[in-house]
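Down below is the structure, laid out as structure tokens.
Counting begins at 1 with the first residue of the sequence. Only a predicted model underlies this, so the values are computations on that prediction, with no experimental measurement involved.
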Amino acid sequence: MKKLILPVFASSLLGLAACSTTPACLKTQPYMSAQSFPPLKSPAGLDAPQPDPSMRIPDVAAGPVGYFDEIPVDRDAEDPAARCLVTPPAMTSR
């Protein structure tokens with residue numbers, strides 16, 4: 001019985017810690033450091049491919065963000081992820 005108490009206690013603490021973490025959108029994401037590269041230069045006698053405009057990284061004046069500064073009106077203020085730009089849909093049953 002005593003051998004079972006420690007694993008149960010440890011897993012309970014891990015479960016509680018997982019519930020109190022900061023939502024991923026409020027942390028720095030890898031895409032926030034994306035950079036554009038200069039156009040390709042081809043050697044003499046070869047043609048460089050045309051750049052794909054859909055792959056262009058847009059310039060953002062305030063820098064890339066993953067969350068709203070303020071919670072939007074249509075979001076639940078109690079939800080820790082309410083400021084995230086992208087949130088999963090609510091899981092409800094009918």
Side-chain angles (χ1 to χ4, degrees):
M1 178 69 176
K2 289 185 180 184
K3 291 182 180 181
L4 184 61
I5 292 175
L6 182 60
V8 170
F9 181 70
S11 62
S12 298
L13 284 178
L14 286 174
L16 288 173
C19 294
S20 65
T21 59
T22 304
C25 75
L26 300 179
K27 298 176 184 175
T28 301
Q29 300 297 313
Y31 74 86
M32 293 178 171
S33 62
Q35 298 176 351
S36 293
F37 290 100
L40 290 175
K41 293 182 181 179
S42 62
L46 296 176
D47 294 329
Q50 292 297 318
D52 184 352
S54 65
M55 299 300 289
R56 187 174 96 42
I57 299 173
D59 295 326
V60 180
V65 295
Y67 54 88
F68 296 103
D69 288 332
E70 296 179 14
I71 297 174
V73 178
D74 62 336
R75 306 253 178 120
D76 178 15
E78 299 296 320
D79 182 5
R83 291 178 40 215
C84 296
L85 291 177
V86 178
T87 54
M91 302 298 286
T92 58
S93 60
R94 293 181 182 210

Any idea which heavy atoms bring Ala48 and Ser42 closest together, and the distance?
N-OG, 3.6 Å
Considering residues at least two apart in sequence or located in another chain, which fulfil the side chain to side chain donor-acceptor pair (under 3.5 Å) criterion with Asp74?
none
In this structure, CD of Glu70 is separated from CZ of Arg83 (nearest 0.5 Å) by 9.5 Å
Working to the nearest 0.5 angstrom, can you tell me the gap between Asp79 CG and Cys84 SG?
8.0 Å
Over 12 non-hydrogen atoms of neighbours within 6.0 angstrom of CG in Asp69:
no
